[in-house]
Number of protein chains: 2
Amino acid sequence: MPHTDGPVPTVADDRPVAPADEHARAWSPRAARSRFREGLTGPTAGVAAGHTQADLISVPADWAYDMLLFCRRGPRPCPVLDVTDAGSTTTVLAADADLRTDLPRYRVREHGEPVDEPTDVRAHRRGDPVSFLIGRSFTFEWALTAADVPVRHVEQVRNVPMYVTSRQCRPAGRLRGPMVVSMRPVPPKHLSAAIRKSSLLPAVHGGPVHRGAPSGLGVDDLGRPDFDDPVDLEPGDIPVFRACGVTPQAAVTASRPQFAPTHAPGQMFLGDARDEQFRVA
Amino acid sequence: MPHTDGPVPTVADDRPVAPADEHARAWSPRAARSRFREGLTGPTAGVAAGHTQADLISVPADWAYDMLLFCRRGPRPCPVLDVTDAGSTTTVLAADADLRTDLPRYRVREHGEPVDEPTDVRAHRRGDPVSFLIGRSFTFEWALTAADVPVRHVEQVRNVPMYVTSRQCRPAGRLRGPMVVSMRPVPPKHLSAAIRKSSLLPAVHGGPVHRGAPSGLGVDDLGRPDFDDPVDLEPGDIPVFRACGVTPQAAVTASRPQFAPTHAPGQMFLGDARDEQFRVA
């Protein structure tokens with residue numbers, strides 16, 4: 001399975017292992033998970049390039065229905081790739097993965113508040129939690145790049161900016177909250193390709209939910225994202241907004257379940273599938 | 001909203017109102033629901049043509065998580081279009097619809113066995129059931145026809161044949177069972193269009209799960225479907241199999257919840273959306 005495993009780099013905690021590290025780009029997902037299990041940490045952008053990455057949210061079993069329903073009612077921001085059985089530590093997305101140890105770093109919330117950022121969460125699971133793995137936009141950025149659509153935040157070596165919108169998600173039990181979006185500026189001549197290519201990946205957020213004036217989503221200032229970095233627009237660029245996987249995390253955080261281990265920001269779960277396997281046509 | 005409402009035809013119980021009835025083709029979904037509420041019954045194929053139809057399955061509230069998880073784990077056979085709140089009788093798929101009365105006919109199961117086929121189910125709901133509305137293949141047949149792909153069972157005025165396969169769905173709690181598929185024969189020159197056009201509609205079963213030899217799905221004899229009518233293949237036709245919405249019904253029936261009102265076969269819920277709104281690109 002590991003086809004191009006380079007040497008294990010020595011990396012200080014949370015120093016990015018990627019995308020600068022060309023070895024990490026070429027790792028197999030299994031090899032990357034193995035290294036994270038052994039303690040390697042850092043952002044996963046570019047690691048095992050071309051393979052899908054997923055957000056992790058674990059919730060107490062009695063919150064699982066609300067969470068699953070919230071995601072079903074909001075498939076654009078919350079595209080669920082897998083739901084484990086209660087108490088299970090494995091996923092169909094990856095052979096031999098252990099969800100308690102195989103992410104580079106976790107963020108644990110109790111009653112909505114972050115309490116720890118450990119490299120494994122074996123001590124933080126109580127009862128039989130249910131884990132959700134949620135598709136991410138890394139997966140469609142591949143499709144944009146393949147279609148020669150410039151991806152500005154990558155060009156500018158920043159994280160994609162995210163904004164809390166004025167659109168409320170449809171509530172589900174105790175879970176409610178606004179839709180969070182990511183924004184990528186697109187030159188007009190690439191707009192139709194950007195829309196079409198991402199629309200063919202509905203399992204990982206799909207096409208834009210809005211384009212043009214940010215005020216259409218209740219966003220005042222593109223220069224002040226709610227999460228991560230602002231990105232510079234080139235002259236003529238059109239802001240293109242897609243529903244973002246931070247949405248279910250924000251809802252879980254706001255609704256304050258007893259505990260909720262998630263991935264640490266930017267340090268995702270690496271699945272075995274290739275990004276293009278999520279393309280419907 | 002009702003844009004082309006013809007006169008209400010006088011129809012005996014279960015005489016097909018469509019597709020022969022050109023008036024019914026032109027009804028708005030709201031007008032059709034209103035007539036069904038007033039007691040009109042019969043197959044909905046062709047009624048309010050171009051608007052989406054959905055399977056209905058209601059389950060006791062304590063079965064809702066298993067059902068939602070079963071569907072999430074099998075999105076090809078079980079594409080959920082809406083899940084109601086417990087006890088709710090409305091759906092986001094249609095303005096002013098009442099799920100207890102607005103289908104032409106229901107089939108009620110108790111402990112897995114059919115006990116009644118009433119025209120409304122107000123007497124058959126206990127506690128606060130949760131209703132699931134599941135996308136159907138009628139919706140992608142529109143896309144096939146629009147691409148000049150022949151649809152043999154429509155040409156032959158039959159129901160689409162369905163087969164129980166040897167592929168097991170991923171279990172979810174108390175729900176388990178085989179994937180059921182529908183089969184449409186496709187001439188080789190139309191095969192790629194048939195695949196592509198249906199793949200663009202992932203919310204309503206999407207592209208084929210198999211094509212060619214039925215034995216690949218454990219199906220012995222195309223001439224003896226498990227549900228509905230065999231269809232004649234023209235010379236050279238390739239059998240194309242898609243996951244089918246009978247799958248979750250079969251699982252619910254086999255797992256024997258206390259009660260489960262569903263649509264009667266062929267007599268579906270009519271939503272307000274147009275079929276093409278489910279196309280992702």
Side-chain angles (χ1 to χ4, degrees), chain A residues 59 61-76 78-86 88 90-93 128 130-135 140 143 147 169-176 192-208 278-281, chain B residues 59 61-76 78-86 88 90-93 128 130-135 140 143 147 169-176 192-208 278-281:
Chain A
V59 295
D62 67 318
W63 283 76
Y65 183 69
D66 288 356
M67 183 65 180
L68 187 52
L69 188 61
F70 186 82
C71 293
R72 172 52 248 169
R73 288 178 170 178
R76 302 293 288 281
C78 318
V80 176
L81 301 183
D82 190 29
V83 183
T84 69
D85 286 330
S88 171
T90 65
T91 168
V92 295
L93 298 180
D128 290 314
V130 175
S131 295
F132 291 77
L133 291 147
I134 296 182
F140 70 71
C169 295
R170 195 170 155 211
R174 291 160 287 183
L175 290 175
R176 63 195 59 237
S192 80
I195 293 171
R196 183 168 174 84
K197 292 298 177 182
S198 57
S199 295
L200 291 174
L201 292 149
V204 286
H205 301 303
F278 291 92
R279 191 167 54 177
V280 296
Chain B
V59 294
D62 67 318
W63 283 76
Y65 183 68
D66 287 356
M67 181 65 181
L68 188 53
L69 188 61
F70 187 84
C71 292
R72 171 53 250 168
R73 289 177 169 178
R76 303 293 289 279
C78 318
V80 176
L81 301 183
D82 190 29
V83 183
T84 69
D85 286 329
S88 171
T90 64
T91 169
V92 295
L93 299 180
D128 289 314
V130 175
S131 296
F132 291 77
L133 291 147
I134 295 181
F140 70 71
C169 294
R170 195 169 156 213
R174 291 161 286 183
L175 290 175
R176 63 195 60 236
S192 81
I195 293 171
R196 181 167 175 83
K197 292 298 177 182
S198 56
S199 295
L200 291 174
L201 291 150
V204 287
H205 301 303
F278 292 93
R279 191 167 55 178
V280 296

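Convention: sequence-line order gives letters A, B, ...; per-chain numbering from 1. Any value given below was found using the heavy atoms of this structure, including those in side chains, with hydrogens, waters and symmetry copies removed. All figures in this text were calculated on a predicted structure; none of them were measured in a lab.
With B:Y65 as reference, A:V130 is the one residue of A:D66, A:L69, A:V130 to meet the side chain to side chain contact (heavy atoms under 4.5 Å, CB included) rule.
For A:D62, the side chain to side chain contact (heavy atoms under 4.5 Å, CB included) test picks out A:P60, A:R174, A:Q258, with sequence neighbours left out.
The contact between A:A64 and chain B is made by backbone and side chain atoms together, counting heavy-atom distances below 4.5 Å. With a threshold of 4.5 angstrom between heavy atoms, A:D85 approaches chain B through its backbone and through its side chain. The part of B:L81 that comes within reach of chain A is its backbone (N, CA, C, O), which places non-hydrogen atoms under 4.5 angstrom from that chain.
Within residues 192-200 of chain A, the residues having any heavy atom closer than 4.5 Å to a heavy atom of chain B are A:R196, A:S199, A:L200, listed by residue number.
A:R72 places no side-chain N or O within 3.5 Å of a backbone atom of B:V83 that could act as its donor or acceptor partner.
Ranked by heavy-atom pairs under 4.5 Å with chain A, the list B:V92, B:L201, B:L68 is led by B:L68.
Nearest heavy atoms, A:D82 versus B:R170: OD1-NH1, 2.8 Å.
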